[in-house]
Amino acid sequence: RYLTGAAYLMAMSHARARTVATFLLVTLAAVWGSTFFLIRDLVQTVPPADFLAVRFTLAAVLMVVIFWRQLRGLSRRDWLVSAALGSLYGFAQILQTIGLAHTDASVSGFVTGTYVVLTPVFTALLLRERVPASTWYAVLLATAGLALLSLNGFSVGLGEGLTLGAAALYALHIVGLGRLSTPDRATGMSAVQMIAIAVICVVAAVPDGMVWPSGLGQWGSVVYMATAAGVLALWAQTWGQAHMSATRAAIVMTLEPVFAAGFAVAFGGEVLTWRMLVGGALVLTAMYTVELIGRRPDAPNRPAEALHHEV
């Protein structure tokens with residue numbers, strides 16, 4: 001009876017942690033979705049690589065200052081693993097930025113979102129883990145929703161190829177966090193990842209000379225994206241993925257374009273269309289499906305598999 005009670009309490013604890021993790025990733029998707037207009041306006045005057053370098057360097061400095069104790073508590077292996085994960089994310093940002101210069105933003109958003117398909121594929125191929133049929137169903141729903149939200153036409157070229165490469169790196173990053181992140185190391189690991197991202201973006205930006213943001217408006221946008229969409233977002237993803245599978249996390253994070261469309265209608269003067277409604281409904285259905293799977297009594301209570309998005 002005592003063992004049964006202890007097991008019950010542990011199961012309840014896992015369930016609460018999963019709920020908090022889902023909430024954090026939904027919030028993360030909302031924050032990423034809110035940056036669309038800020039980024040669109042900012043990169044009109046600041047080159048994308050320079051914007052990324054400034055944004056992630058500021059975020060890295062903040063994380064080092066705030067989380068230096070957690071950084072000191074990491075082992076050498078934690079530093080190496082976190083740097084590798086951060087490098088995946090950093091190179092993905094660079095590929096996505098270059099790809100965006102050669103394709104439409106809507107197409108870039110859809111191709112980037114294919115990480116929701118690549119994540120379970122990598123999970124099955126690299127980790128030899130079985131992905132349930134119900135999860136593949138949710139992946140198909142999310143992909144269909146992304147297509148309706150993002151695509152008005154599609155052709156394959158350099159931009160699409162580079163963006164697909166970015167999606168693959170994002171998927172590897174998600175899979176890696178699912179396997180390697182733990183709640184007690186999440187803060188320190190997210191800080192090391194941010195340092196690695198900043199280094200890669202600075203190296204990419206410096207050769208052509210840096211163009212800095214100007215004026216309070218641009219700097220305000222950069223600070224928001226460095227803090228809410230940088231420091232808090234990467235910590236939330238790292239901690240959240242310590243409590244859920246990589247594929248489930250990827251499906252939840254496909255809410256980003258849903259939130260982006262909502263912000264576009266609410267604050268950007270765009271008209272609500274049937275594609276937005278149906279596409280958003282499909283993505284929400286996909287998330288609801290994986291949530292139901294995660295709450296089933298027979299669902300495994302273990303942290304996830306192994307290994308933005310926005311520009």
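What's counted below: heavy atoms across the whole structure, side chains too, no hydrogens, waters or symmetry copies.
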ask   = What are the two closest heavy atoms between Ala166 and Gln96, and how far apart are they?
value = CB-N, 3.8 Å
task = Check whether Leu126 and Phe91 end up in the same hydrophobic cluster, where Ile, Leu, Val, Met, Phe, Trp and Tyr are linked by side-chain heavy atoms less than 4.5 Å apart.
result = yes
ask   = Should Trp239 and Leu177 be regarded as members of a common hydrophobic cluster, given that ILVMFWY residues are connected when their side-chain heavy atoms come within less than 4.5 Å of each other, either directly or indirectly?
value = no
message = Minimum heavy-atom separation for Val117 and Trp136, please, with both atom names.
response = O-CZ3, 4.3 Å
ask   = Does Gln237 reach the side chain of Ile174, with side-chain heavy atoms less than 4.5 Å apart?
value = yes
inquiry  = Other residues, nucleotides and ligands only: do more than 12 of their heavy atoms fall within 6.0 Å of CG on Leu216?
reply    = no
Shortest non-hydrogen contact from Ala142 toward Val116 = CB-CG2, 4.2 Å
task = State the CG-CG distance between Leu80 and Leu74, to the nearest 0.5 angstrom.
result = 11.0 Å
task = Would you give the length of the straight line joining atom CG of Leu85 to atom CE of Met189, rounded to the nearest 0.5 angstrom?
result = 5.5 Å
key: Separation between NE2 of His243 and OG of Ser181, rounded to the nearest 0.5 Å   = 7.5 Å
task = Mind listing the closest non-hydrogen atom pair of Ala29 and Val252 along with its distance?
result = CB-O, 4.5 Å
Val223 with Trp235, same ILVMFWY side-chain cluster at under 4.5 Å = no
ask   = Taking the side chain from Arg55 and the backbone from Ala229, do they hold a donor-acceptor pair closer than 3.5 Å?
value = yes
query = So how far is it from Ile94 CD1 to Leu52 CG, rounded to the nearest 0.5 Å?
reply = 5.5 Å
From Ile251 atom CD1 to Ser245 atom OG, the distance as rounded to the nearest 0.5 Å = 7.5 Å
message = Would you say Leu62 ends up clustered with Val54 if hydrophobic residues are merged whenever their side chains have heavy atoms under 4.5 Å apart, either directly or through other cluster members?
response = yes
query = Is the closest side-chain heavy-atom distance between Phe259 and Val26 below 4.5 Å?
reply = yes
task = Count the heavy atoms of every other residue, nucleotide or ligand shown that sit under 6.0 Å from OH of Tyr137, and state whether that count exceeds 12.
result = no
query = In terms of ring plane angle, is the pair Tyr115 and Tyr170 parallel, tilted or perpendicular, where the classes change at 30° and 60°?
reply = perpendicular
query = Around Trp219, counting heavy atoms of other residues, nucleotides and ligands shown, do more than 12 lie under 6.0 Å from its CH2?
reply = yes
request  = Looking only at non-hydrogen atoms, find the nearest pair between Ser82 and Gln193 and report the distance.
outcome  = O-CG, 3.3 Å
query = Is there a side-chain contact between Leu25 and Leu28, using heavy atoms and a 4.5 Å cut-off?
reply = yes
ask   = Say you draw a straight line from OG1 of Thr22 to CE of Met244; how long is it, rounded to the nearest 0.5 Å?
value = 3.5 Å
inquiry  = Could you tell me if Arg16 and Thr19 have a donor-acceptor pair between their side chains, going purely by distance under 3.5 Å?
reply    = no
